[in-house]
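Structure record follows, encoded as structure tokens.
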Amino acid sequence: MKTVLVIGAGRYQRPVIRRAKELGLRVVAVDRNRDAPALHEADVGLVVDFADAEAVLEAIADLELDGVTTVQSDRAVPTVARVAAERGLPGIGVETARLMTNKVAMRRRLADAGVPQPRFATVETLGDARPAVAAVGLPAVLKPGAGSGQHGLFRIDAPEELDACLPEALAVSPGEPALLEELVDGTELNGIVVLRDGEALFVALCDRLRPSGRGFGVSWLHVYPPHLEGDRRIVAERVATEAARALGLRTGIAFPQLMAPPDGRILLVECAARIGGMMAEHLGHALGVDLLETQLRLALGEDLPPELLVPRREQPTAIRFLTAEPGMLRTGTVTRVGSLEPVLASPGVVDASIYAVPGETIRPVRVISDRRGYVIAVGTSREEAIARADAAAALVEIEVEGTP
């Protein structure tokens with residue numbers, strides 16, 4: 001029996017652990033939180049900070065491993081690459097992992113490779129603020145140089161806002177400069193690119209919609225198929241693939257995010273070395289592809305059966321994430337969570353989950369962890385899939401008291 005190490009055991013890692021066990025694999029999982037939702041679903045669960053590669057290597061020193069992977073955590077990617085390199089396992093390489101998790105290094109490498117992207121400038125001190133604004137223009141987006149989960153992300157509409165927000169952005173990734181980037185309006189896209197020896201075996205895109213206001217970086221609706229059609233969709237798929245290759249990915253799965261503004265450009269926003277965004281679940285229902293098995297086979301260095309990534313259908317599919325303001329949930333301390341059965345029984349719903357538990361606090365959406373669940377629905381059109389997901393989400397019962 002082969003053994004795979006899964007770095008991170010949060011709720012979003014549960015599907016890959018379950019899929020690995022369905023495929024007959026022995027699973028070792030690591031997470032610093034002994035109460036991590038998926039830690040106890042693994043055959044072996046180790047409590048260790050997965051961002052500390054040395055600690056992970058020490059914890060697994062006596063274990064026989066055939067592969068190592070993660071699917072949702074950017075913070076886990078460098079550790080996955082380091083473990084693979086140290087233990088002689090298939091991996092993307094330590095340098096590629098750095099380029100695909102450090103946003104400053106990523107921007108510079110993409111610029112060198114000529115991949116289209118928003119204008120950007122690095123900001124390390126308040127003295128850099130005005131030159132950065134002059135180079136990028138306003139409105140702009142300020143983000144940490146090596147952050148994730150939308151922590152430290154700000155929309156900047158005036159120079160004084162940059163002065164006020166910079167300390168928090170810098171604090172998210174100490175020792176790294178922050179990035180000020182052109183704010184591009186238009187259609188935002190999530191993508192998945194599967195590469196094997198530099199060849200793109202599978203490329204897919206979906207729309208990524210997000211709210212306005214402080215939580216503008218947190219997506220709350222993903223929709224397949226994307227709005228882009230024809231030549232623009234082909235260009236977007238090409239940019240996504242070129243970005244992954246430019247960052248050094250030869251064999252693995254990339255999770256690019258792109259913008260398609262009305263002026264016709266296709267710009268690469270970010271590109272992660274993981275599945276991310278619940279794209280495995282989304283594209284599984286939309287296209288009938290198994291990205292989790294694909295990820296596990298790549299991690300083990302196994303061949304990919306030709307049929308694994310061949311779409312079996314073209315099904316309009318929408319994921320509605322459950323959030324508070326400006327979403328449908330109320331803010332406050334959770335007192336009761338109702339049954340999920342009415343949600344799952346709603347027309348078109350193929351999957352749903354609620355993360356909220358009594359005693360925790362629901363806050364206005366600011367970062368990824370402010371999501372409190374999701375509903376996935378299918379339909380005969382994009383519009384019907386969205387309507388069904390929203391109708392089912394309205395059936396979610398989460399009672400709260402007070403305000404945070």
Side-chain angles (χ1 to χ4, degrees), residues 1-9 13-30 38 41-44 46 50 53 56-101 192-204 241 244-256 271-276 279-280 283-284 289-310:
M1 177 184 291
K2 291 185 176 181
T3 299
V4 63
L5 172 65
V6 177
I7 306 292
Q13 297 282 87
R14 183 179 282 142
V16 74
I17 290 175
R18 291 178 176 176
R19 188 70 183 108
K21 297 182 78 170
E22 290 171 356
L23 293 171
L25 300 174
R26 179 171 178 264
V27 180
V28 178
V30 299
E41 297 196 26
D43 298 289
V44 178
L46 302 174
F50 63 72
V56 172
L57 284 165
E58 182 178 351
I60 63 170
D62 296 329
L63 298 176
E64 293 293 330
L65 299 175
D66 299 285
V68 56
T69 193
T70 193
V71 296
Q72 290 287 348
S73 174
D74 250 15
R75 292 175 59 247
V77 169
T79 299
V80 170
R82 176 75 184 284
V83 170
E86 295 284 341
R87 297 292 296 267
L89 303 171
I92 66 173
V94 172
E95 176 61 8
T96 294
R98 184 185 75 87
L99 290 171
M100 298 185 79
T101 54
I192 287 291
V193 179
V194 180
L195 294 167
R196 187 67 180 259
D197 297 326
E199 179 187 359
L201 303 181
F202 175 83
V203 184
T241 304
R245 289 179 179 142
L247 296 169
L249 191 66
R250 297 285 299 167
T251 297
I253 298 181
F255 174 44
C271 188
R274 54 188 176 86
I275 296 176
M279 291 291 281
L283 295 180
V289 296
D290 192 335
L291 288 174
L292 294 179
E293 181 177 346
T294 300
Q295 178 64 63
L296 289 163
R297 285 182 173 273
L298 290 173
L300 295 167
E302 296 180 352
D303 291 335
L304 298 179
E307 67 275 9
L308 193 60
L309 292 171
V310 175

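Just so it is clear, the values below take in all heavy atoms, side chains as well, and ignore hydrogens, waters and symmetry mates.
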Return yes if some donor-acceptor pair links the side-chain N/O of [X] with the main-chain N/O of [Y] below 3.5 Å, else return no.
| X | Y | result |
| --- | --- | --- |
| Thr96 | Gly248 | yes |
| Thr101 | Asp74 | no |
| Lys2 | Gly24 | no |
| Asp66 | Thr3 | yes |
| Arg18 | Gln13 | no |

Nearest heavy-atom neighbours spanning [X] and [Y]:
| X | Y | answer |
| --- | --- | --- |
| Ala244 | Ala254 | CB-CB, 3.7 Å |
| Glu41 | Arg14 | OE2-NE, 2.8 Å |
| Phe202 | Leu309 | CD1-O, 3.5 Å |
| Ala85 | Val94 | CB-CG2, 4.1 Å |
| Ile92 | Ala273 | CD1-CB, 3.7 Å |
| Pro78 | Ala97 | CA-CB, 4.1 Å |

To the nearest 0.5 angstrom, please state how far the [atom1] atom of [X] sits from the [atom2] atom of [Y].
| X | Y | atom1 | atom2 | value |
| --- | --- | --- | --- | --- |
| Leu57 | Arg87 | CG | CZ | 8.0 Å |
| Phe255 | Gln72 | CZ | CD | 8.0 Å |
| Met279 | Ile253 | CE | CD1 | 11.0 Å |
| Glu64 | Leu5 | CD | CG | 13.0 Å |
| Leu63 | Arg26 | CG | CZ | 6.5 Å |
| Leu25 | Arg19 | CG | CZ | 9.5 Å |

Taking the side chain as C-beta and beyond, is there a heavy-atom pair between [X] and [Y] under 4.5 Å?
| X | Y | result |
| --- | --- | --- |
| Glu302 | Pro90 | no |
| Leu65 | Ile60 | yes |
| Arg274 | Val71 | no |
| Leu308 | Val289 | no |
| Leu304 | Thr294 | yes |
| Leu296 | Val16 | yes |

### Task
Using a cut-off of 6.0 Å, state whether more than 12 heavy atoms not belonging to Glu95 lie near its atom CD.
yes
### Query
Taking atom CD of Glu22 as the centre, does the number of heavy atoms from other residues, nucleotides or ligands within less than 6.0 Å exceed 12?
yes
### Query
Cys271 and Met100: side-chain contact (heavy atoms from CB on, under 4.5 Å), yes or no, with the steps?
CA-CA 6 Å; Cys271 188; Met100 298 185 79; 3.7 Å; yes
### Message
So, applying side-chain contact (heavy atoms from CB on, under 4.5 Å) with Gln295, which one of Val4, Thr70, Ile275 is it?
### Response
Ile275
### Message
Using side-chain contact (heavy atoms from CB on, under 4.5 Å), reason through Ile192 and Val203 one step at a time and then give a plain yes or no.
### Response
CA-CA 6 Å; Ile192 287 291; Val203 184; over 6 Å; no
#### Entry: Criterion side-chain contact (heavy atoms from CB on, under 4.5 Å) on Val194 and Leu291, from CA distance to verdict
CA-CA 9 Å; Val194 180; Leu291 288 174; 4.1 Å; yes
### Trace of the side-chain contact (heavy atoms from CB on, under 4.5 Å) decision for Val68 with Ile7
CA-CA 7 Å; Val68 56; Ile7 306 292; 3.8 Å; yes
### Task
Go through the structure and list residues passing side chain to side chain contact (heavy atoms under 4.5 Å, CB included) with Thr251, not counting sequence neighbours.
Arg196, Asp197, Leu298
### Query
Taking 4.0 angstrom as the limit, do Arg82 and Glu86 come out as a salt bridge?
yes
